[in-house]
Amino acid sequence: ERTMGLLNDIVRNFREWIGVQAAPQEPCLTMTVHEQALLRDEGYAARREEAQRQISLYSKKVAPPAVMTVRTVVHLVHYRDGTMYVSDKEVHDQLAALNLCFAAAKSKVSGVPLTWKKLTGDSMIRFELATHDPDGKPTTGIERRKSNTRAFGSEEDTSKPACIKRYVDGGLEAWDATRYFNVWVGNLLTGAGYARYPGALPPDDGVVVDYLRFGLGPAASSPNNLGHHGVHEAGHWLNLRHLWEDRFLDTPSQTRGHYGQPPFPCCPTPGANHMYMNFMDYPDDNVTCFFTPDQRAEMLATLTTVRSGVWY
């Protein structure tokens with residue numbers, strides 16, 4: 001494990017040297033991929049509109065009868081020489097981080113300013129690794145591939161880089177997206193990850209997280225080693241947008257993302273605060289810490305409608 005940590009440090013330093021930052025200025029590429037899909041996929045806009053219609057029609061004031069547990073599969077792709085490796089422990093650490101964050105555990109929400117403490121709460125959403133594969137065979141919910149491909153781009157990129165979701169490109173194919181939450185982990189050409197909104201084609205549906213932002217380490221390192229980028233992308237997969245793109249009444253209006261360790265209050269005009277500690281913003285992992293009631297309602301509505309087959 002120590003050897004893997006040293007190798008990952010070497011890769012991280014090399015990426016920084018050539019200008020491919022582990023945490024680039026725009027870490028989440030979800031909107032970029034979404035916009036590319038609108039241009040490339042003739043049916044995407046209609047599917048996206050229909051998914052949004054179903055989600056919006058759902059009565060978001062109705063609480064779920066119990067915890068909704070999302071059936072999850074993690075596809076790990078690392079280079080053939082053993083670098084970019086993510087252990088099973090890191091996968092379990094990431095799942096634990098997802099569950100702490102979605103449960104609004106005390107250890108997470110302690111960083112919420114008093115102004116918004118009343119907005120914190122349990123989403124009633126949890127994530128567990130699948131115990132059976134699409135053919136009904138027992139599984140750990142983790143699959144791996146040693147690949148000849150060093151780095152991957154998105155499936156919608158017009159330059160057509162290798163895609164981590166395609167076996168022919170050195171990646172791994174999605175499991176049935178109507179039954180599983182697909183998570184891919186590998187070395188990305190740019191960005192820390194991206195998600196596909198409801199309406200994406202089944203082979204593309206799920207989230208992708210760069211291996212340097214997945215889990216608690218040793219690949220991931222401070223200040224982004226609490227698994228919160230995975231939480232951010234899961235939020236997108238459940239139909240959340242960035243704070244500067246959403247329409248919710250309980251997320252203050254803001255025009256940009258935040259990075260690092262912003263001061264509080266952080267506002268461009270008197271009387272306005274930016275909710276930069278929300279999971280759908282960009283600060284360091286030890287800063288982001290909660291979802292609002294409107295965000296939680298949106299995620300529950302998404303699971304209840306267009307993603308109803310992935311949970312139990």
Side-chain angles (χ1 to χ4, degrees), residues 5 8-9 11-33 90 93-94 97-98 100-102 104-105 107-117 119-120 185 187-195 207-236 240-246 248 251-292 295:
N8 285 324
D9 285 342
V11 173
R12 184 184 300 110
N13 291 337
F14 176 72
R15 286 172 61 166
E16 292 175 355
W17 178 69
I18 63 173
V20 183
Q21 297 291 331
Q25 190 66 4
E26 191 72 23
C28 174
L29 301 181
T30 295
M31 281 305 294
T32 298
V33 174
E90 289 170 271
D93 286 345
Q94 178 65 66
L98 282 167
L100 285 172
C101 293
F102 275 79
S107 61
K108 296 296 180 182
V109 300
S110 61
V112 179
L114 184 61
T115 306
W116 294 312
K117 281 284 187 186
L119 299 182
T120 64
V185 183
N187 186 35
L188 302 185
L189 288 167
T190 185
Y194 64 93
V207 309
V208 179
V209 181
D210 188 276
Y211 80 105
L212 293 177
R213 296 292 290 271
F214 186 83
L216 311 186
S221 63
S222 181
N224 295 302
N225 61 339
L226 298 179
H228 288 192
H229 195 77
V231 176
H232 179 101
E233 299 303 350
H236 282 313
L240 298 187
R241 294 195 174 216
H242 297 124
L243 295 191
W244 51 99
E245 299 160 346
D246 75 20
F248 300 129
T251 56
S253 176
Q254 62 185 66
T255 58
R256 59 179 174 84
H258 299 77
Y259 303 86
Q261 302 278 330
F264 184 82
C266 174
C267 52
T269 57
N273 284 329
H274 281 187
M275 193 184 279
Y276 62 79
M277 69 294 302
N278 190 283
F279 285 123
M280 301 315 293
D281 206 332
Y282 289 158
D284 294 343
D285 277 13
N286 66 347
V287 175
T288 54
C289 54
F290 81 114
F291 292 114
T292 68
Q295 288 175 319

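Position 1 is the first residue of the sequence; numbering continues from there. The structure presented is a predicted model; accordingly, all values stated were derived computationally and were not measured.
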task: Dump the intermediate steps for side chain to side chain contact (heavy atoms under 4.5 Å, CB included) on Thr30 and Arg241, then the final yes or no.
output: CA-CA 9 Å; Thr30 295; Arg241 294 195 174 216; over 6 Å; no
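- Side-chain atoms of Leu119 and Phe290, non-hydrogen and from C-beta on, do get closer than 4.5 Å to each other.
- Under the 3.5 Å distance criterion, the side-chain polar atoms of Asp281 are matched with a main-chain donor or acceptor of His258.
- Note that the CG atom of Leu226 and the CG atom of Leu216 stand 6.5 Å from one another [nearest 0.5 Å].
- Residues Thr115 and Phe264 form a side-chain contact, since some pair of their non-hydrogen atoms from C-beta on lies under 4.5 Å apart.
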query: Step by step, would you call Gln254 with Tyr276 a side chain to side chain contact (heavy atoms under 4.5 Å, CB included)?
result: CA-CA 9 Å; Gln254 62 185 66; Tyr276 62 79; 5.6 Å; no
task: With side chain to side chain contact (heavy atoms under 4.5 Å, CB included) as the test, would you mind laying out the steps for Phe248 and Leu240 before giving the verdict?
output: CA-CA 10 Å; Phe248 300 129; Leu240 298 187; 4.0 Å; yes
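- Under 3.5 Å, the side chains of Gln295 and Asp246 contain no donor-acceptor pair of N or O atoms.
- Counting heavy atoms from C-beta outward, Tyr211 and Glu90 have side chains that stay 4.5 Å or more apart.
- In this structure a side-chain-to-backbone donor-acceptor pair under 3.5 Å is missing from Lys108 to Ala97.
- Expressed to the nearest 0.5 Å, how far CG of Leu29 lies from CD of Glu233 amounts to 8.0 Å.
- Counting heavy atoms from C-beta outward, Cys28 and His229 have side chains that approach closer than 4.5 Å.
- Shown here are the side-chain contact (heavy atoms from CB on, under 4.5 Å) partners of Pro223, two or more places apart in sequence or in another chain: Asp284.
- Side chain of Asp285 to main chain of Gly227: a donor-acceptor pair is present (N/O by atom type, distance under 3.5 Å, no hydrogens or angles).
- At least one side-chain heavy atom of Met280 sits under 4.5 Å from a side-chain heavy atom of His236.
- Of all the heavy atoms in Pro283 and Gly260, the pair that sits closest is CB-O, 3.5 Å.
- Using cut-offs of 30° and 60° for the angle between ring planes, the Phe279 and His228 rings count as perpendicular.
- Taking the six-membered ring for Trp, Tyr282 and His232 have ring centres closer than 6.0 Å.
- At a threshold of 4.5 Å between non-hydrogen side-chain atoms, the residues Thr255 and Trp244 do not count as touching.
- Contact between Trp116 and His274 at its shortest, heavy atoms only, is CH2-O, 3.7 Å.
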- request: Show your reasoning for whether side chain to side chain contact (heavy atoms under 4.5 Å, CB included) applies to Asp210 and Asn187.
  value: CA-CA 5 Å; Asp210 188 276; Asn187 186 35; 3.9 Å; yes
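- The structure places CG of Asn286 at 7.0 Å from OG of Ser222, a figure rounded to the nearest 0.5 Å.
- Taking OG of Ser253 as the start and CE of Met275 as the end, the distance is 11.5 Å to the nearest 0.5 Å.
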